[in-house]
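Notes follow once the structure below has been shown.
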Amino acid sequence: MSAHSNHSVSSAQTAVESDLLLQKAREIASQFEIPEGYLQKAVDAYIAQAADSLNQDLERGIPMIPSYVSRAPTGDEKGVLIALDLGGTNFRVCSIELQGDSRYGMIQSKSQVPTEIMTGSLTSFINYLSDRIEEFLIKTHPDHVKKAKAGSKEIYRVGFTFSFPLKQISANSGTLIRWTKGYDIEEAVGKDLPQILQKELDARKLNLFLAAVVNDTVGTLLTRAYTKPKGCGPTIVGCIFGTGTNGAYSEPLANVKKFDRGVHPEVVDDDMVINTEWGSFDNDLKILPNTKYDAQLNLNTPNKDFHMFEKRVSGMFLGELLRLVMVDLYEQGILFTSSEAKQKLTKDSPLYTPWSLNTATPAAFHGDTTPGLDQAREHIVEKLGFEPTLEELQAIQVVAKSIGIRSAYLSAIPIAGALLHSKALDKYDTVDVGADGSVYEKYPGFHETIMEGLAKTDIGAEGIKRISMGIAKDGSGVGAALCALQFEV
Ligand code: GLC
């Protein structure tokens with residue numbers, strides 16, 4: 001009898017505890033909610049901040065970098081080119097055959113850049129890239145390498161997708177403004193990285209000519225224009241929602257006051273693609289939401305106080321935000337209360353390790369529709385090493401969803417900004433947006449939530465029916481090749 005009443009007391013207690021947990025989780029989730037009417041105000045702020053930076057370079061503004069790329073591809077381009085792609089933790093070297101007729105073939109090799117290279121010396125970074133390029137060429141184009149080393153003049157054009165804020169000086173040179181996405185090679189800031197790489201490739205006698213250095217968003221814009229399904233309108237924006245987030249669109253040079261055409265007689269077109277680096281929208285947090293978790297996350301990044309929009313939106317950060325919330329709830333004594341959990345959650349456990357959880361964690365929760373949250377449970381067991389309770393999973397799910405939905409809604413801001421600012425919907429019946437990146441591709445409901453977000457701006461529910469937004473696969477490879485074709489050797 002007494003055993004029975006003890007049991008009911010403790011289960012009543014547990015019920016109270018889990019109610020408290022869910023209530024607390026909902027309270028935190030509400031801090032991530034985007035209020036009605038917010039999105040268009042944020043779009044207005046985005047358009048104003050972007051316009052300021054077209055006039056002059058502003059230390060804390062959105063960089064709005066002229067890319068030197070003007071022409072959209074026709075789909076008929078042909079040729080074999082080498083593409084390099086450095087955008088996050090992977091470095092890819094590709095050989096791309098543009099076949100015309102919107103088709104292409106590609107061979108590639110991928111390597112994971114070791115952390116000590118990401119945060120080491122400039123020389124070891126350049127050597128690392130050059131070693132991978134040389135290995136790839138020896139494997140895939142051995143005759144070219146033999147001839148090149150024997151003094152032949154035949155070259156391959158190279159397009160380099162370098163997905164960091166690079167202040168371009170020309171189509172194939174530019175200085176690094178700052179690192180993003182966890183890279184931190186201090187001596188590289190302010191240096192012309194593409195030309196330093198070109199020098200090293202020359203020293204190795206590989207006969208590679210770096211014709212264009214492009215941002216992944218510029219590549220995505222061009223690739224989508226090359227490969228988009230028949231019947232779509234012109235591609236206005238190319239965007240990335242992956243480890244980082246960013247977008248590119250075309251702007252009349254007459255509006256880009258900071259670009260002095262007198263100094264660039266080689267630029268003949270009237271429009272130029274702008275690499276916005278919209279990750280730096282609202283670095284001063286005049287309009288972006290800022291929960292205590294956002295603030296905590298920012299403190300622990302090498303680019304503290306910069307790319308503040310990106311830190312609320314992209315793949316590198318969503319798992320970290322959720323981790324910070326879980327640590328908070330754990331420390332309040334209301335999450336992971338079992339003795340097994342407490343035993344595992346030492347200060348060196350993954351829960352306490354910054355950046356140990358990536359976007360796969362909120363995605364696993366967000367997408368789990370099973371009553372027992374089986375997928376989420378498996379994920380926690382795998383990542384943290386213990387069995388959570390159903391109530392704990394439910395509470396984490398509430399927070400995970402709020403982080404994911406906020407990210408997708410915020411993503412709508414610069415897309416709407418580019419569409420409204422360029423008046424594309426007034427000029428064309430239908431317009432197209434190309435996107436790439438793991439978050440866009442894999443996060444449950446991301447595309448749909450962006451579209452919902454766009455409908456909440458001045459574009460409206462009717463306007464979004466005239467927008468096709470879709471994947472541009474491999475903008476970083478094909479796009480770089482398409483750009484490299486545009487410039488003379
Ligand atoms: C970061 C980089 C930017 C890149 C984006 C997506 O925001 O600064 O250059 O385009 O990530 O990869």
Side-chain angles (χ1 to χ4, degrees), residues 46 50 53 60-69 83-92 113 118 159-168 174-185 188-189 193-194 212-224 237-249 273-283 288 297-298 301-318 358-359 407 410-411 413-415 418 433-443 446 471-477 479-480 483:
Y46 176 81
S53 293
R60 298 194 47 74
I62 311 173
M64 306 299 280
I65 304 166
S67 71
Y68 291 80
V69 172
L84 312 176
D85 174 18
L86 184 74
T89 46
N90 289 322
F91 178 54
R92 278 192 316 151
V113 185
M118 288 169 66
F160 182 11
T161 301
F162 180 73
S163 305
F164 299 91
L166 190 78
K167 182 171 163 39
Q168 288 201 233
T175 53
L176 181 69
I177 299 175
R178 59 180 162 268
W179 288 109
T180 51
K181 299 180 285 194
Y183 273 75
D184 194 14
I185 305 164
V189 176
L193 298 186
V213 54
V214 284
N215 188 260
D216 49 359
T217 57
V218 179
T220 299
L221 181 68
L222 268 72
T223 305
R224 177 75 181 176
V237 193
C239 38
I240 300 282
F241 299 100
T243 308
T245 180
N246 188 11
Y249 74 105
V273 174
I274 302 291
N275 163 23
T276 63
E277 291 290 335
W278 70 36
S280 266
F281 166 46
D282 203 30
N283 280 335
L288 285 175
L297 177 147
N298 174 47
T301 53
N303 59 345
K304 190 163 86 65
D305 296 340
F306 283 96
H307 261 43
M308 299 302 263
F309 177 74
E310 177 162 280
K311 288 174 188 169
R312 284 144 180 81
V313 168
S314 72
M316 180 164 171
F317 307 99
L318 303 184
N358 62 23
T359 300
S407 154
L410 293 180
S411 301
I413 297 167
I415 300 175
V433 176
D436 199 3
S438 50
V439 175
Y440 182 75
E441 261 194 290
K442 298 196 194 131
Y443 196 93
F446 205 78
I471 197 89
K473 253 333 294 153
D474 205 27
S476 305
C483 289

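Every number for a ligand or one of its atoms is a count from 1 in the order of the listing. A quick note: this is a predicted structure, and the numbers were derived from the prediction, not measured.
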- Item | Of M316, E277, K181, the residue whose pairing with E310 passes side chain to side chain contact (heavy atoms under 4.5 Å, CB included) | K181
- Item | N/O donor-acceptor pair under 3.5 Å between K311 side chain and G279 backbone | no
- Task: Tell me yes or no: between the side chains of D305 and N298, is some donor less than 3.5 Å from an acceptor?
- Result: yes
- Message: So, 4.0 Å and heavy atoms of G244: is ligand 1 close enough to count as a contact?
- Response: yes
- Query: If you count the atoms of ligand 1 from 1 in the order shown, which ones are under 4.0 Å from a heavy atom of E277?
  - Reply: 2 (C), 3 (C), 7 (O), 8 (O), 9 (O)
- Message: At less than 4.0 angstrom from any non-hydrogen atom of E310, what atoms of ligand 1 do you find?
- Response: 1 (C), 7 (O), 11 (O)
- Message: Geometry only, no angles: is N275 polar-contacting ligand 1 at N/O separations under 3.5 Å?
- Response: no
- Message: Using a plain distance cutoff, I'd like to know if G87 has any nitrogen or oxygen under 3.5 Å from a nitrogen or oxygen of ligand 1.
- Response: no
- Query: How are the rings of F446 and Y443 set to each other: parallel, tilted or perpendicular (split at 30° and 60°)?
  - Reply: perpendicular
- Counting from 1 in the order shown, the ligand 1 atoms closer than 4.0 Å to a non-hydrogen atom of T180 are 1 (C), 2 (C), 8 (O)
- Quick one: nearest non-hydrogen protein atom to atom 11 (O) of ligand 1, plus distance? K181 NZ, 3.1 Å
- Task: Check for a donor-acceptor pair, side chain of R92 on one end and backbone N or O of D85 on the other, with a separation under 3.5 Å.
- Result: no
- Message: My understanding is that we take every heavy atom of each candidate and find the minimum distance to atom 5 (C) of ligand 1. Doing that for N246, T161, T243, D436, which one comes out nearest?
- Response: N246
- Message: Does K167, at its NZ atom, have more than 12 non-hydrogen atoms belonging to other residues, nucleotides or ligands within less than 6.0 Å?
- Response: no
- Those atoms of ligand 1 less than 4.0 Å from some heavy atom in P165: 8 (O), 9 (O)
- Nearest heavy-atom approach of N275 to A248 is CA-CB, 4.4 Å
- Item | The one among I240, I65, D216 that brings a heavy atom closest to atom 12 (O) of ligand 1 | D216
- Message: Considering both backbone and side-chain atoms of T217, is one of its nitrogen or oxygen atoms within less than 3.5 Å of a nitrogen or oxygen in ligand 1?
- Response: no
- Query: Between T245 and ligand 1, which residue portion shows a heavy-atom distance shorter than 4.0 Å: side chain, backbone, both, or neither?
  - Reply: backbone
- Of T217, N246, T245, which is the lone residue that meets side chain to side chain donor-acceptor pair (under 3.5 Å) with W278? T245
